[in-house]
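A quick write-up on the structure given underneath.
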Amino acid sequence: MISEAQSTNFIAEAVRSDLASGRFDRVHTRFPPEPNAYLHIGHALAIHVNYGIAKEFGGLLNLRFDDTNPLKEEQEYVDAILHDVEWLGAEFGDRVFFTSDYFAQMYEWATQLVRQGDAYVCDLSQEEMRSSRGTLTAPGTNSPYRDRSVEENLGLLERMKLGEFPDGAKTLRARIDMASPNINLRDPVMYRIRHAHHHRQGDDWCIYPSYDWSHGLGDSIEGITHSLCSMEYEDHRPLYDWFLERAGIYRPRQIEFSRLSLTHTVMSKRRFVELVERGHVAGYDDPRLPTVAGLRRRGYTAWAINELCRRTGISKTNKSMEMFQLEDCLREDLNRSAPRRMAVLDPLKVVIQNYPEGASETVTAVNNPEDESAGSRQVPFGREIWIEREDFREEPPPKFFRLAPGREVRLRYGYFIRCVGTVKDSEGNVVEVHCTYDPETQGGNAPDGRKVKATLHWVEASTALLAQVRLYDHLFLTPNADEGGDYLANLNPDSLRTVRAWIEPAVADATAGCTFQFERLGYFTCDKDSRPGAIVFNRSVTLRDTWAKVACAAADRETPG
RNA sequence: UGCCGGAUCGUCUAAUGGUAGGACAGCGGUUUUUGGUGCCGCACGUCUAGGUUCGAAUCCUAGUCCGGCAGCCA
């Protein structure tokens, strides 16, 4: 057995030292999404980290829905998140929990804090509370209700719970320090009044705990050892510890790490909503969005997403991974697993003049050169075939190896063909290329040993399937979507191009989620919109294209600036 | 300008006082019935200034820059 080197990231080291010191004798983490939105690849990193640490130390991961705000949370999101986390491969067994299931216990601890003089009922309005909180540089001032008696607070809290006050009339606040340089410690709210229907608790409650009050308690109840969260909670850690200490209960350790962001995209719920509502994308699972659902629809594998997380690593720096990196992860996975097929996205007709009219045959094509067990298939061949328009040039530029007048190239798994002429329309555009083939080269090798410089993919015309192919590109033109201030101004107008393509018959029964490599083009995944006879493919990612780079560089040289 | 955090190739990340390494991107070569894959190579980095030390990315001091925090959101 190959012993895997232990991780050296700072969280693994902290966990190791906690285990060594005896602070904890086991490892238990959690992933605590709020069920108010779809998961995105940033969440995938959080899952990866929490699950990865648990796994590395032989511990467990809990999935906990942090449903403390009845105004925003819905069962629909619970279902979607559950599905995404499972799909990503994080194992949580039957440990699916809801913060709302702890409301009764939390209320009891709240009364305990009140009895200890650590919390009080405050009548300040939202505006009054804001102005008395002070600013980043000036201390706040004490609430006039800060010194109510324990009995009065207890009575008021009870009446809040009973529903005697309207929304916003009162809050329960922790009595800490209105002059603290850490604003989170300036008597933070523990409960607010919300006469709202909760997706799980129904109308049982009309006071709801805040994140700060509830989160550590939830961790404590579940016996979490390491509560791994993102950097923006760092300022909340003193509060996290304070609540646990005052409640006098088991204390997990919160450790923060920085979240993932990617170039050429955005990663916030607010923006997803805006993009969907303004019609820039078709929904939360639009293949251009970095949501887990969108990525999956695009054709991303869970392996690729986890590999990106692994490559990203765990740290506290502000990071922005390049989109290349994500794309490369997908290519690495799909190169070894995706069956190969041939498809022509921008068709140009080739007529093989010396191929007998009415004749047909099949040629043998390898399904996956990286995987012998994938076997081979028969592909129809005939007198008329489609090739990619960009694979023919009437006046080939330097280093262009493909088809041109007089040139011989190989049709993959087919024959050598030589261009002997073209047919043009009235505007001079080439609409047909005429070739001859060498019957001796069947399968793609010449018995006389002569070589060709290019191999083209192709599709036999009479048996080709017509399909819709959606060509996706970066959603944003600029690496940083915010560049220039207005992110919508940086949207890529060509992030989706739809084309009609000819594909070989072997994809006829592809169903949603099936991924192929279309040779020389990229990886394509059958979309859920696909129907028998009306196939739809999404381009998941292109192949690396060295020629495109060469051609692009040449073009740049011709038109500098 | 209050508090907290961070700064290592273009990007992400290692090096825990002892040769600054890896991945992706870039460049070059090689193999190839995918201008794909694979393989080989090249180039590129310790925020700045002082200090401690035989030796500093690492320790100390002073700066600089970046991020977060003033929801009854999480």
Side-chain angles (χ1 to χ4, degrees), chain A residues 8-9 13 32-34 36-37 66 68-69 71-72 122 124-126 129-131 133-140 167-173 180-186 188-194 207-208 210-212 214-215 229-238 256 258 260 263 269 308 310-329 331-332 335-336 340 342 365-366 369-370 399-402 410-414 416 441 443-445 451-457 479 517-522 542-551:
Chain A
T8 57
N9 68 72
E13 284 180 352
E34 182 187 10
N36 74 339
D66 210 358
T68 58
N69 186 348
L71 267 24
K72 309 202 302 190
C122 181
L124 252 28
S125 70
Q126 201 157 163
M129 200 183 289
R130 186 183 321 128
S131 53
R133 188 155 30 227
T135 67
L136 292 177
T137 52
D167 288 6
K170 292 180 177 356
T171 56
L172 182 72
R173 292 228 258 167
S180 173
N182 181 344
I183 289 175
N184 298 119
L185 263 21
R186 318 237 264 228
V189 168
M190 295 167 65
Y191 279 96
R192 70 278 212 196
I193 300 171
R194 287 244 214 284
I207 58 171
Y208 289 91
S210 64
Y211 167 87
D212 285 312
S214 66
H215 201 83
C229 60
S230 45
M231 294 300 293
E232 68 261 34
Y233 293 106
E234 198 158 32
D235 290 338
H236 295 249
R237 183 164 13 105
E256 312 83 19
S258 66
L260 169 67
T263 61
K269 191 193 68 184
L308 194 259
R310 193 190 64 75
R311 291 186 190 183
T312 301
I314 304 172
S315 67
K316 300 177 83 145
T317 55
N318 310 318
K319 58 184 147 207
S320 176
M321 288 295 273
E322 287 177 334
M323 192 60 89
F324 294 123
Q325 195 86 234
L326 211 212
E327 293 172 348
D328 184 73
C329 292
R331 289 191 191 103
E332 183 178 339
N335 175 54
R336 58 195 172 208
R340 308 291 114 135
M342 289 195 286
V366 170
E370 307 291 321
K399 293 192 192 153
F400 182 89
F401 303 146
R402 283 110 98 143
R410 171 168 40 231
L411 294 176
R412 178 144 235 228
Y413 302 125
F416 284 11
T441 57
N445 280 310
K451 302 287 185 202
V452 289
K453 292 189 86 171
T455 300
L456 270 39
H457 63 276
Q517 182 195 104
F518 291 163
E519 296 223 21
R520 301 210 304 137
L521 296 174
T542 62
L543 253 29
R544 279 199 196 83
D545 190 347
T546 309
W547 165 244
K549 268 189 284 190
V550 172

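All values derive from a computational prediction rather than experimental measurement. Naming: A, B, ... by sequence-line order, numbering from 1 per chain. For the numbers below, each heavy atom of this structure counts, side chains included, while hydrogens, waters and symmetry mates do not.
Listed for the A/S258 side chain is no donor-acceptor partner under 3.5 Å among the backbone atoms of A/N318. Side chain of A/R410 to backbone of A/G444: a donor-acceptor contact under 3.5 angstrom is found.
Applying the 3.5 Å distance criterion, the base of B/G10 shares a donor-acceptor pair with the side chain of A/E322. Looking at A/R402, its side chain comes within 3.5 Å of the base of B/G35 through a donor and an acceptor atom.
Heavy atoms of A/N445 sit under 4.0 angstrom from at least one base atom. Residue contacts for A/F518: at a heavy-atom cut-off of 4.0 Å it reaches no nucleic acid atom on any strand shown.
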Please list, pair by pair, any protein nitrogen or oxygen found under 3.5 Å from a nitrogen or oxygen in nucleotides 66-70 of chain B.
| unit_1 | atom_1 | unit_2 | atom_2 | d |
| --- | --- | --- | --- | --- |
| B/G67 | O4' | A/N318 | ND2 | 3.3 |
| B/G68 | N2 | A/D235 | OD2 | 2.8 |
| B/A70 | O2' | A/R133 | NE | 3.3 |

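Of the two residues near RNA chain B, A/M129 and A/T441, the one whose nearest nucleotide lies more 5' is A/T441. Of the residues near RNA chain B, A/L71 and A/R410, the one whose nearest nucleotide (by heavy atom distance) lies more toward the 5' end is A/R410.
Here the C1' atom of nucleotide B/U32 and the CZ atom of A/R520 are 14 Å apart, to the nearest Å. Taking atom NZ on A/K453 and atom P on B/U34, their separation rounds to 15 Å, with Å as the unit. Taking atom OH of residue A/Y413 and atom P of nucleotide B/G36, one finds them 15 Å apart after rounding to whole Å. As rounded to whole Å, 8 Å separates atom C1' of B/G36 from atom CZ of A/R340. Atom C1' of nucleotide B/U11 and atom CD of A/E327 are separated by 14 Å, given to the nearest angstrom. Spacing between atom CZ of A/R311 and atom P of B/C24 amounts to 6 Å, rounded to whole angstrom units. The separation between A/Q325 atom CD and B/A23 atom P is 11 Å, rounded to whole Å. Between A/R310 atom CZ and B/C12 atom P there is a gap of 17 Å when expressed in whole angstrom units.
Look at A/W547 and the base of B/G35; the rings stack, centres closer than 5.5 Å and planes less than 30° apart.
Nucleotide B/G38 is shown with an anti base, its glycosidic torsion being more than 90° from 0.
Within the 4.0 Å cut-off from OP1 or OP2 of B/C3, not a single side-chain nitrogen or oxygen of A/S180 is found.
When the nucleotides B/U34, B/G35, B/G26 are ranked by their closest atom to the side chain of A/E519, B/U34 comes out on top.
A 3.5 Å limit on both hydrogen-bonding distances identifies no Watson-Crick or G-U partner for B/G35. Across all strands shown, the partner of B/A62 is B/U48, judged by Watson-Crick or G-U wobble contacts whose two distances both fall under 3.5 Å.
Comment: A/E34 does not engage A/K269 in a salt bridge, judged by the lack of any side-chain N to carboxylate O separation of less than 4.0 angstrom.
Counting heavy atoms from C-beta outward, A/R331 and A/T542 have side chains that approach closer than 4.5 Å.
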